[in-house]
Protein chains: 4
Amino acid sequence: MTAETSRTGRQRLSPEVRRRQVLDAAVAVFSEEGFHGASMDAVAARAGVSKPLVYAHGGSKDELFAACLRREAERLLRSVETAAGEPDEIPLVRVRRALRAFFHALTTQRAGWTVLYRQASTGPFAGEVDSLRRRIVEQAADLMAGGLAVPRRVALPYAHTLVGAAEGLADWWLTDPEAARAGAPHAEPADVLADLLVAVVGPGLEALTDGTIAESSGISEKR
Amino acid sequence: MTAETSRTGRQRLSPEVRRRQVLDAAVAVFSEEGFHGASMDAVAARAGVSKPLVYAHGGSKDELFAACLRREAERLLRSVETAAGEPDEIPLVRVRRALRAFFHALTTQRAGWTVLYRQASTGPFAGEVDSLRRRIVEQAADLMAGGLAVPRRVALPYAHTLVGAAEGLADWWLTDPEAARAGAPHAEPADVLADLLVAVVGPGLEALTDGTIAESSGISEKR
Amino acid sequence: MTAETSRTGRQRLSPEVRRRQVLDAAVAVFSEEGFHGASMDAVAARAGVSKPLVYAHGGSKDELFAACLRREAERLLRSVETAAGEPDEIPLVRVRRALRAFFHALTTQRAGWTVLYRQASTGPFAGEVDSLRRRIVEQAADLMAGGLAVPRRVALPYAHTLVGAAEGLADWWLTDPEAARAGAPHAEPADVLADLLVAVVGPGLEALTDGTIAESSGISEKR
Amino acid sequence: MTAETSRTGRQRLSPEVRRRQVLDAAVAVFSEEGFHGASMDAVAARAGVSKPLVYAHGGSKDELFAACLRREAERLLRSVETAAGEPDEIPLVRVRRALRAFFHALTTQRAGWTVLYRQASTGPFAGEVDSLRRRIVEQAADLMAGGLAVPRRVALPYAHTLVGAAEGLADWWLTDPEAARAGAPHAEPADVLADLLVAVVGPGLEALTDGTIAESSGISEKR
DNA sequence: AATGAATGAGAATTCATTCAT
DNA sequence: TATGAATGAATTCTCATTCAT
């Protein structure tokens, strides 16, 4: 019986495995209780290890939380980036692919999403969170700027709008899954939400390309 | 020496004034630190009063937080409701008016917004927060359902999208005001953001009215 | 309508009446909650007056409690003293009269008894309580010394025994009234308990008079 | 440096030893200050440990107090039970043995006695305390019922009397040791008190056996 | 490497006490 | 005189963090 397989007593695992184990538990607990509401005891219990080990592998509570933020942000970014795929002649298709990837990622990385978007946007981590969110928005802006052939500065507000709308739908879905899939009960919810979003903002984005609305307010009072 | 001018020692104020003072401080602190991160000491210090007074007028920490949530939600809802005005023949005009009111409200009620939307979506107040958020979304859904003549069930996903997008822009604006007003330096930022949002989602919503996209995913792969 | 009869607003009562009102409430609350468990708020509420008035008429919590102790002890002593009556040729008859008075007093002054005997025999009032209890025992010792014609020094241990036994029965009665009166359901419980006590200790006390047991241990191992 | 000799810094002791240490301190403090008057700080200080350790080993204040009550009651009951010994043909001899054991127990378990008999007969522990006291009285009643061949129901009032008398003497002894041992300066005080008590109540109890007094009030007015 | 045991610091809540009216 | 309003000082209990093994 190797040390790896031993089920009794102290397990000697490799540092990488231990660290991952601890981070996984931390993300789970932080997402459920929030930063202040989570206790290191709870993290240790969730990881199935002792508290000193959490400190050994995750550092202080602040460091541990920051590590969770970073790891989960990277994960989300990579998921979407991969899905968007290479430049394509049809820009909205890339957007849709990215959105589908985003909503799919929520299915498998819900805890990480919660930590990033529903916790700790205040407190000692506001800066950290802000910069991670900015990266997500910038990814979206790049996507649109490339696809729609507009300057990045112009794309930025649209990116914020798009990401916010995606969050809103994601929240809805996670909070009230029944209602969110009522429209298309048999399809993959992540795809339905992505398509819905494209339907709502797509026309507006296309108008952007045409220069119709550009940087002005667009629709006039008298329409 | 009047009560107004007395600056030292104990101030005797009316319960209403004190309660408001305490609630204001509580909203500020909760918005900055989150529920768990905020201490009653900090609330008392922010209000410039002693801790027992906070308890006398705000009740326990839980009750105080719940009171903050309710007051701020009512405020936001009322602001928007008032601004949307009476039914109008041009639906998007109502939406724009409501959005302008929303972004204006953020200017003056930023802390309340933060408490509602960036805090405590977990923990003992998840239910409370969820129901308040739901009311906001439902307000938006009603607005759209009425204006666009679609069933409320259809309007709901659009409402979530719209509210999420508004949040995204609001966050951007509050986090990075310089960038957010770069597009139109001389206009009222709240109006600019509202108009931008209408420009992005307006076309999609109009398409909804036409039944073009209805409940399906809308835009096709081949556009 | 005089100030005395006014039922609304602030009542202006004579200091003696107010003081009695406050002390009555204090005895009630202290007997129910104990010294530390009782709050000045509770005393004020029970008295139907404001807290500052409690302080005005009862002094600090410590002073108020001491005043309760003293008043209730005096009351109990006076009740028994009066009942014992003048010297009588039959000593045990005086003892029985006193015991009947004692148990009767418990009926009407139960709260005072509780304060004296079931609270605060420790803490800052141990001395006060001890000296009051000593006076009660000394009263009993005098009673027995006079009646039984033994030196006071000899009577003292018997007095402690007698008073302790009375307390034990009183506790039983107050804690479990049903059981305590099971023996004689139709008689006055106070009288039944007094007679019972005389039946148990009477023979022993009479033997004391005969000098049989005097200061020695009395009954021998071989009886 | 062994654990035994280490006097500074953190001591690692076994849970059993710690728990006993904490309970001992708690009994001491509760006996001196009463339940409400005792603070967990005081318990920790008395035990020479930190407050969290008190919570770790004693639970909440309520639980700690209940544990004290139970442990001390068991101890007292066991002491007396052991001492009473097996059934014996001379009943009063058993009573005397039990009383001697009782007074001896007070010497070594004074604090426990105080907690049980001079504290907290009100408040959240009234029930707990009452049931423990009842057990003590029932032990005495069993002792007498067995020895004196009377029904248990008849023995109960006598048991209350006896236990109360013992308490009275015990209080006297503990409060004023000099006076209490004045009668027999060279003997063991606990034995002296036990013998005194037997002398006082013995004749009455024997009369009980004879059926002379039975359940009636006994001695007549005219003797 | 891993942990059971221990603690300093701080958080929520209450209470005796006192102003200001 | 009488009181509503206010507070300093505990008190119970928890938590992030570390030592001794």
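Here the structure is a predicted model, which means the values were calculated and not measured. Here is how names work: the chains are called A, B, and so on, in the same order as the sequence lines, proteins then strands, and each is numbered from 1.
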#### Entry: Counterpart residues, side chain to side chain donor-acceptor pair (under 3.5 Å), relative to A/Arg70 (two or more places apart)
A/Glu128
Grab the N/O contacts between the protein and nucleotides 9-11 of chain F below 3.5 Å, and write none if there aren't any.
none

### Task
Specify the separation, in whole Å, of atom CG of D/Leu53 and atom P of E/dA6.
5 Å
### Task
Determine which pairs satisfy salt bridge (Lys or Arg N to Asp or Glu O under 4.0 Å) with at least one residue from residues 54-67 of chain A, sequence neighbours left out, and list them in order.
none
## Note on the structure
Residues of residues 15-28 of chain D with a heavy atom under 4.0 Å from any atom of DNA chain F, listed by number, are none
### Counterpart residues, salt bridge (Lys or Arg N to Asp or Glu O under 4.0 Å), relative to D/Arg46 (two or more places apart)
D/Glu32
### Message
Just to be sure I follow the notation: if a pair is Watson-Crick (purine N1 to pyrimidine N3 plus N6-O4 or O6-N4) or a G-U wobble (N1-O2 and O6-N3), each under 3.5 Å, what dot-bracket string does DNA chain F give, with | for pairs to another strand?
### Response
.||||||||||||||||||||
## Note on the structure
Sorted by chain and residue number, the salt bridge (Lys or Arg N to Asp or Glu O under 4.0 Å) partners of D/Arg20 (sequence neighbours excluded) come out as D/Asp24
### Interatomic distance, C/Glu63 CD vs E/dA16 P [rounded to whole Å]
14 Å
### Task
Using side-chain contact (heavy atoms from CB on, under 4.5 Å) as the criterion, list what pairs up with A/Ala38, not counting sequence neighbours.
A/Val29, A/Phe30, A/Glu33
### Query
What integer distance in Å separates B/Glu33:CD from E/dA11:C1'?
14 Å
### Task
Determine, for D/Glu16 against D/Arg19, whether the closest basic-nitrogen to carboxylate-oxygen distance falls under 4.0 angstrom.
no
### Summary
Assert: residue with more 5' nearest nucleotide on DNA chain F, out of B/Ser50 and D/Asp62, is B/Ser50
### Query
What pair of heavy atoms forms the shortest contact from B/Ser31 to B/Thr114, and how long is it?
O-CG2, 3.4 Å
### Task
Measure the spacing between CG of C/Leu64 and NE2 of C/His57 and express it to the nearest 0.5 Å.
12.0 Å
### Pair D/Arg75 + D/Glu72: basic N to acidic O under 4.0 Å
yes
### Query
A/Phe35 has an atom CZ; how far is it from atom P of F/dC15, in whole Å?
13 Å
#### Entry: 5' precedence on DNA chain E between D/Val49 and A/His57 (nearest-nucleotide basis)
A/His57
### Query
When rounded to the nearest 0.5 angstrom, what distance separates CZ in A/Phe125 from CZ in A/Phe35?
4.0 Å
### Message
Can you measure B/Phe65 atom CZ to E/dT13 atom P for me and round it to whole angstrom units?
### Response
14 Å
#### Entry: Partners meeting side chain to side chain donor-acceptor pair (under 3.5 Å) with D/Arg18 (sequence neighbours left out)
D/Gln21
### Message
Distance check needed: E/dA11 P versus A/His36 NE2, whole Å only.
### Response
10 Å
#### Entry: Integer-rounded Å distance: F/dC19 C1' and A/Tyr55 OH
14 Å
